[in-house]
Amino acid sequence: QLQLVESGGGLVQPGGSLRLSCAAAGFTLEYSAIGWFRQVPGKEREEVSCISHSDDGTTNYADSVKGRFTISRDNAKNTVYLQMNSLKPEDTAVYYCAAVPLSSPCSWYELHEYDYWGQGTQVTVSS
């Protein structure tokens, strides 16, 4: 069974940090492009960051998180991370990871092209 599981969400004060994890079961993340997305009620899901297939390794970030968020992968643990620093209240959302088992740069893929999705983890930034 192919599965993605996110973890690491929680409540943090503005300016704080969290690290989200996206672990895979049933397939190898190394050979997929992985995206992190977020969604708030009443709004469309938006891409936050992505990392390409390991043969490419390029990353991409939404303008709203550049310089604050870092995506990385640990192939030995079959896990992708999203390190989030200098968090702002507007970062509050449910965060999802998703995978598409293709080798083109991750910036080429749109939301609907991702094949596998996790269940999401809540991130709340509030004082």
Side-chain angles (χ1 to χ4, degrees):
Q1 183 178 0
L2 305 179
Q3 190 176 14
L4 292 173
V5 178
E6 302 97 337
S7 61
L11 172 64
V12 64
Q13 291 187 343
S17 298
L18 285 174
R19 188 179 77 160
L20 305 183
S21 299
C22 173
F27 70 106
T28 304
L29 289 182
E30 180 178 359
Y31 304 121
S32 295
I34 307 299
W36 280 100
F37 299 81
R38 66 187 180 187
Q39 189 169 25
V40 297
K43 292 190 176 181
E44 293 186 353
R45 193 169 297 187
E46 64 172 355
E47 183 174 319
V48 173
S49 181
C50 68
I51 186 167
S52 302
H53 184 287
S54 288
D55 288 350
D56 180 316
T58 54
T59 59
N60 197 52
Y61 298 92
D63 287 343
S64 59
V65 306
K66 279 182 182 176
R68 300 189 297 122
F69 290 11
T70 304
I71 191 170
S72 62
R73 65 166 82 230
D74 185 334
N75 291 334
K77 295 183 177 179
N78 206 25
T79 300
V80 170
Y81 302 99
L82 185 68
Q83 178 67 44
M84 306 187 297
N85 298 329
S86 301
L87 283 161
K88 304 175 181 180
E90 52 263 43
D91 294 319
T92 295
V94 178
Y95 284 71
Y96 300 88
C97 67
V100 53
L102 297 173
S103 59
S104 296
C106 67
S107 59
W108 291 17
Y109 303 120
E110 297 185 1
L111 186 149
H112 69 275
E113 296 179 279
Y114 282 81
D115 296 308
Y116 309 108
W117 289 82
Q119 81 290 348
T121 185
Q122 176 71 46
V123 171
T124 303
V125 185
S126 175
S127 55

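It should be emphasised that the depicted structure is a prediction, and the values quoted were computed from it without experimental measurement.
Ile34 and Ile71 get closest at one heavy-atom pair: O-CD1, 4.0 Å. Nearest heavy atom pair, residue Gly120 against residue Val94, reads CA-CG1, 3.9 Å. Pro101 and Asp115 get closest at one heavy-atom pair: CD-OD2, 3.1 Å. Here the closest non-hydrogen pair linking Pro105 and Asp56 is CG-OD2, 3.5 Å. Looking at every heavy atom in both residues, Leu29 comes nearest to Ala99 through CD2-CB, 4.4 Å. The minimum heavy-atom distance linking Val123 with Gly9 is given by the pair CG2-CA, 4.1 Å.
Annotation: the span from Leu102 atom CG to Tyr31 atom OH amounts to 15.0 Å, rounded to 0.5 Å. To the nearest 0.5 Å, atom CH2 of residue Trp117 and atom CG of residue Leu2 are 15.5 Å apart. Summarising the geometry, atom CD belonging to Gln122 is positioned 9.5 Å from atom CG belonging to Leu11; distances are rounded to the nearest 0.5 Å. Residue Leu18 holds its CG atom at 8.5 Å from OG1 of Thr121, rounded to the nearest 0.5 Å. With rounding to the nearest 0.5 Å, the separation of SG in Cys22 from OH in Tyr116 is 13.5 Å.
Taking the side chain as every heavy atom from C-beta outward, Phe69 and Trp36 never approach each other to under 4.5 Å.
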Which atom pairs, donor and acceptor, lie under 3.5 Å between side-chain atoms of residues 38-54 and protein residues at least two apart or in another chain?
unit_1	atom_1	unit_2	atom_2	d
Arg38	NE	Glu46	OE2	2.7
Arg38	NH1	Asp91	OD1	2.9
Arg38	NH1	Tyr95	OH	2.9
Arg38	NH2	Glu46	OE2	3.3
Arg38	NH2	Ser64	OG	3.4
Gln39	OE1	Arg45	NE	3.1
Gln39	OE1	Arg45	NH2	3.2
Gln39	NE2	Lys43	O	3.1
Ser49	OG	Asn60	O	2.9
Ser52	OG	Thr58	O	3.2
Ser52	OG	Thr58	OG1	2.8
Ser52	OG	Cys106	N	2.8
His53	ND1	Asp55	N	3.1
Ser54	OG	Glu30	O	3.1
Ser54	OG	Asn75	ND2	3.3

Residues Leu20, Met84; criterion side-chain contact (heavy atoms from CB on, under 4.5 Å); working and verdict: CA-CA 8 Å; Leu20 305 183; Met84 306 187 297; 3.7 Å; yes
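When the ring pair (Phe, Tyr, Trp, His ring centres under 6.0 Å) test is applied to Tyr81, no partner is found at least two apart in sequence or on another chain. Scored by the ring pair (Phe, Tyr, Trp, His ring centres under 6.0 Å) test, Tyr61 finds no partners at all (sequence neighbours excluded). For Ser86, there are no side chain to side chain donor-acceptor pair (under 3.5 Å) partners at least two apart in sequence or on another chain. By the side chain to side chain donor-acceptor pair (under 3.5 Å) test, Gln83 is found to be paired with Asn85, residues two or more places apart in sequence or in another chain being considered. Checked against ring pair (Phe, Tyr, Trp, His ring centres under 6.0 Å), Tyr114 has the following partners two or more places apart in sequence or in another chain: Phe37.
At distances below 3.5 Å, at least one donor-acceptor pair connects side-chain atoms of Glu6 with backbone N or O atoms of Cys97. Judged purely by atom type and a 3.5 angstrom limit, Gln119 has no side-chain atom pairing as donor or acceptor with the backbone of Val5. For the pair Thr92 (side chain) and Val125 (backbone), a donor-acceptor distance under 3.5 Å is present.
In the hydrophobic clustering of this structure, Val65 groups with Val80; members are Ile, Leu, Val, Met, Phe, Trp, Tyr whose side-chain heavy atoms approach within less than 4.5 Å, directly or through other members.
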